[in-house]
**Student:** 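Pasting in a structure now, in C-alpha cells, and then I'll have a few things to ask.
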2 protein chains.
Amino acid sequence: MARPLTLPTAWKRLSSTSSSGTLVYHSKPLPPKAHLHGPLSDKLFPKGYVVTGVHCGIKKTTALDLAVILSTSDRPTSAAASFTRNAFKAAPVLVSQEVLDRNEGRARGLVVNSGCANAVTGKKGLEDAWAMVKSTGELLTPPPPNSQPSTLVMSTGVIGQTLPIGKITSAIEGLKGKPLGSGFEDWEKAAKAFMTTDTFPKLRARTFKIRDKEYAIAGMDKGAGMIHPDMGPPTSSPSSTSGLHATLLGCIITDAAVSPTSLQTALDYAIDRSFNSISVDGDMSTNDTVVVLANGAAQPEENEIDKETDWEAYEIFRDELTSFAQELAQLVVWDGEGATKFVTVTVEGAATFEDAHKIASRVSTSALLKTALYGEDANWGRVLAAAGSIQGLTKPLEPTLVNVLFVPEDGSSALPVLVGGEPENVDEVRAKEILSEGKFEIKIQLGIGEESAKYWTCDFSYEYVRINGDYRS
Amino acid sequence: MARPLTLPTAWKRLSSTSSSGTLVYHSKPLPPKAHLHGPLSDKLFPKGYVVTGVHCGIKKTTALDLAVILSTSDRPTSAAASFTRNAFKAAPVLVSQEVLDRNEGRARGLVVNSGCANAVTGKKGLEDAWAMVKSTGELLTPPPPNSQPSTLVMSTGVIGQTLPIGKITSAIEGLKGKPLGSGFEDWEKAAKAFMTTDTFPKLRARTFKIRDKEYAIAGMDKGAGMIHPDMGPPTSSPSSTSGLHATLLGCIITDAAVSPTSLQTALDYAIDRSFNSISVDGDMSTNDTVVVLANGAAQPEENEIDKETDWEAYEIFRDELTSFAQELAQLVVWDGEGATKFVTVTVEGAATFEDAHKIASRVSTSALLKTALYGEDANWGRVLAAAGSIQGLTKPLEPTLVNVLFVPEDGSSALPVLVGGEPENVDEVRAKEILSEGKFEIKIQLGIGEESAKYWTCDFSYEYVRINGDYRS
C-alpha cells in the first residue's frame, strides 16, 4: 500500500518591507518528494500497461511534455471519462468525447501533452487532436480493428495557441518498436510530462482486494491554478452541484475488469466526491478531464465487474476508485498556486448531498475567508457569510441550529467558534495555533438533515497574486 | 447637476523586494475628495429631510459612527428596501423588514451605525435593533400615531459582537430638540458615519425633472470589502440572478412622491442593475441593505407617482433611480479593498438579462482574471474560461459566435482579442496601455440574443490580501 499523504516540512515565514508597510508572508518549501509520490514499489502498478514520458519540444526547456499510456491486455479495455462542463471545451475534450461515444466505452490508450492546451483553436485544433489520437493508435499491438480510433487525448497549458503538431506526431512515431516500461520510473516520467505550473509530479499507486483477489490502481494528475473543476460524463447534463468553477488533468489506471457502463457510473460518483470537490481559485478550465482505464489484466479469468449482476463487487470497486480519486485530487490542492494551507471544509447535517456540496464549495472559494486563513485568523464570520449566501437549497438553513468548529490535524480537541447560531468566546491563541499548523478542517454542522460533503481548498496568498499577475510575461 | 464620476489622479507604482523575488505592485492614492462627493450645492439635496452624523462611541477613535435621517414632510413618506438574501440575516435586516411589513411601505426615518454589524447576535441583537428604531422614532415630529414603529435601521462592522446599545440610544436621545440640518455639511456627516474600511465618504446628490417639475435625489453608501450583494425585496424569493455574492449599506432619499408599491418595484429594478451588479471580492454579507425614502416634499400638490395610473412618469422616475443607484454603487467598487483598477464588464447579445447578468457576475469574480488585471495582462483566455463556466443558461453559448474586446476609457478604438471564437493576433503593447489606464471595459458579445447586462468590478492585489489577512488584528 502507498503511504498516507502527510504534512510536508514546516512552512517557513518570509517577510519583506514595502513603502506601504511590512508584508509578512508565509511561504512553503517544495514538499519532500517522498511524501507525495514515492518512490513506489513497482508491484503497486497495474498489470498490462506500458507507459512513458518524453520531451517532444512543446516546452521551451528540456522538460518532459508528452505522456503515452497503452494497454497491452488481450482483453477489451474499458474506458470512462469526465469532462469539463465549460461551454468553451478545448479540442482534446471534444475529440475524446467522440472517441468514447463511437467505441461505446472502450479505449486502449491515452496521450497527454503539456505546454499548450489546444483550447480556442478552432478547426485546426480539432485536426491536431485527431492526429494525436491516430498516431498513438498506431502504437497499439495488435492494431485496432477497422482502424477505429481507440485512444484518448488530453492537453494542458496556454489557451489560444495551436499545437506544434509535427513535433508531437514525430515524437509518438519515434516510440514505435521501442519497448515502453511498466515500472515506477516509467510512470514517474509520464507524471512529469503532465506538469505545467505544478511544483512536483503527482503520481500515486496502491493495491486493493475484492473478495481476496488483488488488483492494482495507479494514477497521475496535474493542476495548481485554474482549479475548480465541475465535470460530467461524455454526454453531460447540467451540473447537479455548483455552477462555478483550472486545468485539471487526471488519469486513473487499473487492472481490474469493469464493464464500460459500470466504470462510467463509478467514475461519476467518484468525481463528485473528489475532483469536483477541490478548489484552488474557483476558476473552471476549458480542459478539465479525468480518464479511467480498466483492462482486466490482473485476473484474466474473471468476468467484468458490473453493477447489474454483482452490486457488492461493484460497490467495493466504486468506493476504492473514490478513495483513490480523493487522494489524487488532494495532491492538486496541496500544490495550489501560492498555497500555504491545506484546508478540508466539511458540511454535515444537510438535507441532501447537493446542498452540502454547494455550501462547502462556496465556503472553499470565499476570497475573504481564504485571505483570513493565510493570515491565520479564525474569522468564522466569513465562514458563515459565505455559507449563508447560497440560494435555492432543498431545505433552507436554520441559523439557530448551526455549529462551526476548527478541527486540528493532530487529533487534539476541536475548537467550537459558533454553537447553535451563537458565537463562542473563542480562545484566539488556540485558534491561531490550529491555523498555523498548515493543515486543518473547518466543520460546519447544519443540523437539518443527514447528508454531508467535503471540499478541499487552500488559502489565498501574496504568492498567488504574484504568480497570476504575470503568468504570461 | 452633480459632476460625473471621473478617474482619480494617476495610479502610482510601488515596488518592494522580497527574498523570493521582486514584488512590483500598483497602488492608488486616495482619490481627491472633489471627484467623489463634492462639495455639492445645498440646492441638490431633497426638501423635507433633516440629517446628521455623530460619534456615539462604537468606534474606538473619535470617528463618526451614527447617522440619522428624518423626513419632516407633512405628507406620508413612502419607504422601500432591498435586503441581503443571506440565510444569516443580521438583526437590523430582520427588524427593518418587519417595520416595512407592518407599515405597508411607509417609514419616516432611518438610523445607521457603523463599527458593529449586530449580526449573529441572537435575541439580544433583535432587542437592540428594536431599541434603535424606537429611540429614533421619538425624534419624529409629529410623533407616529399609535406609537407604530416607523423608522428603519441598518448596521455595519464586525460580525458576532453585540452593540453598546446604551451609548447608541443616549446619543439618539441627545439629538432631541436639537435642529438637525439639511445642507451639504449635514449630509457629509451622515455619510462619514456610514464608513468602516471605506477610505472616503460616499455621497452623491442631483436633481431631475418629470414633465418640467424638478425633484432632488441624494444618497449615501458604504462598502469596500465583502462586496457582492444579492438583494431582494422584504419578502424575498430566491435570487433570479447569480447565487454567489460585503456589507453594503445604502440609502437613497428623494422629495418626489411615489406610492409604496411603485417605489418598491422601481427599487427592485434599479438594484438588479446597480448594487446587485458590483463585486469587490465575490463575498455576500449578512447585512447588505439599501433603503429608499420618498416624501413628496418637492411638489406638495402632486399625486403620488404610480405605475398603474401613470406609467410614463413611473418609468422616468425608475430610470432616474436606476442611474443614481449605479452612480452610488460604482463608488463602492472605486473604493474596493486594494483595488487599482475600475473595470466595467459588459455582456451583450444574450438571450435574457439574467443570462447576461450571470456571465458578467462570474467574469467579475474570477480570481485568475482579477490578478491578471492587477498585473495589467489582457489575459482573454481567463475571461472566456470564466464566461463558459456558467451552467443552466436559458440559451447555451455558441463558442464560434463570441467576441471579446478591451475598450479604453479615453474613447480611442477598442482592442478585439477574440472574434467569432478565434483568437486575434493581439498587440500586447496596446493591451497593456489600455489596462494601465486604470479604468476600462471588458466587452463580451455572445451573438445569440438581444439582451445585455453590466457589472462593475476591480482587480485583486497584494493590498487586498494584506487588508483581509489581518482584518481583526
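Owing to the predicted nature of the structure, the values given are computational and were not obtained by experimental measurement.
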**Student:** Nearest 0.5 angstrom please: A:I159 CD1 to B:W380 CH2, how far?
**Tutor:**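 Answer rounded to 0.5 Å: 7.0 Å.
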**Student:** Flag the one option from B:A119, B:G388, B:G420 with the top tally of heavy-atom pairs under 4.5 Å to chain A.
**Tutor:**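 Most heavy-atom pairs within the cutoff with chain A belong to B:G388.
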**Student:** For residues B:V120 and A:L384, report the shortest heavy-atom separation together with the two atoms involved.
**Tutor:**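 Scanning both residues completely, I find the closest heavy atoms to be CG2-CD2, 3.5 Å.
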**Student:** Roughly how far apart are B:F88 CZ and A:E398 CD, rounded to 0.5 Å?
**Tutor:**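 It is 10.5 Å, given to the nearest 0.5 Å.
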**Student:** Measure distances from B:L393 to the heavy atoms of chain A and classify the residue's part below 4.5 Å as side chain, backbone, both or neither.
**Tutor:**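 It is neither, since no heavy atom gets under 4.5 Å.
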**Student:** Quick one: CG on B:L397 to CG on A:N86, what's the gap to the nearest 0.5 Å?
**Tutor:**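 It comes to 8.5 Å.
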**Student:** What residues form a ring pair (Phe, Tyr, Trp, His ring centres under 6.0 Å) with B:Y464, not counting sequence neighbours?
**Tutor:**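 For B:Y464 the ring pair (Phe, Tyr, Trp, His ring centres under 6.0 Å) partners, ignoring immediate neighbours, are B:F460.
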**Student:** For the atom pair CZ (A:R362) and CG (B:D283), what is the distance rounded to the nearest 0.5 Å?
**Tutor:**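 The CG atom of B:D283 is 5.0 Å from CZ of A:R362, to the nearest 0.5 Å.
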**Student:** Show the nearest heavy-atom pair for residues B:Q391 and A:R85, with the distance to one decimal.
**Tutor:**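 Here B:Q391 and A:R85 meet closest at NE2-O, 3.0 Å.
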**Student:** Please list, chain by chain and in numerical order, all residues satisfying side-chain hydrogen bond (donor to acceptor under 3.5 Å, both in side chains) with A:K395, sequence neighbours excluded.
**Tutor:**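 Testing A:K395 for side-chain hydrogen bond (donor to acceptor under 3.5 Å, both in side chains), a comparison that skips the adjacent residues, returns none.
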**Student:** Identify the heavy atoms of A:P399 and B:A87 that sit nearest to each other, and give their distance.
**Tutor:**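 Taking A:P399 first and B:A87 second, the nearest heavy atoms are CG-O, 3.3 Å.
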**Student:** With chain A as the partner, which of B:G122, B:G421, B:S366 has the greatest number of non-hydrogen pairs under 4.5 Å?
**Tutor:**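 Greatest number of close heavy-atom pairs with chain A: B:S366.
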**Student:** Most heavy-atom pairs under 4.5 angstrom with chain B, which of A:A386, A:A367, A:P423, A:G381?
**Tutor:**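 Maximum pair count with chain B is reached by A:A367.
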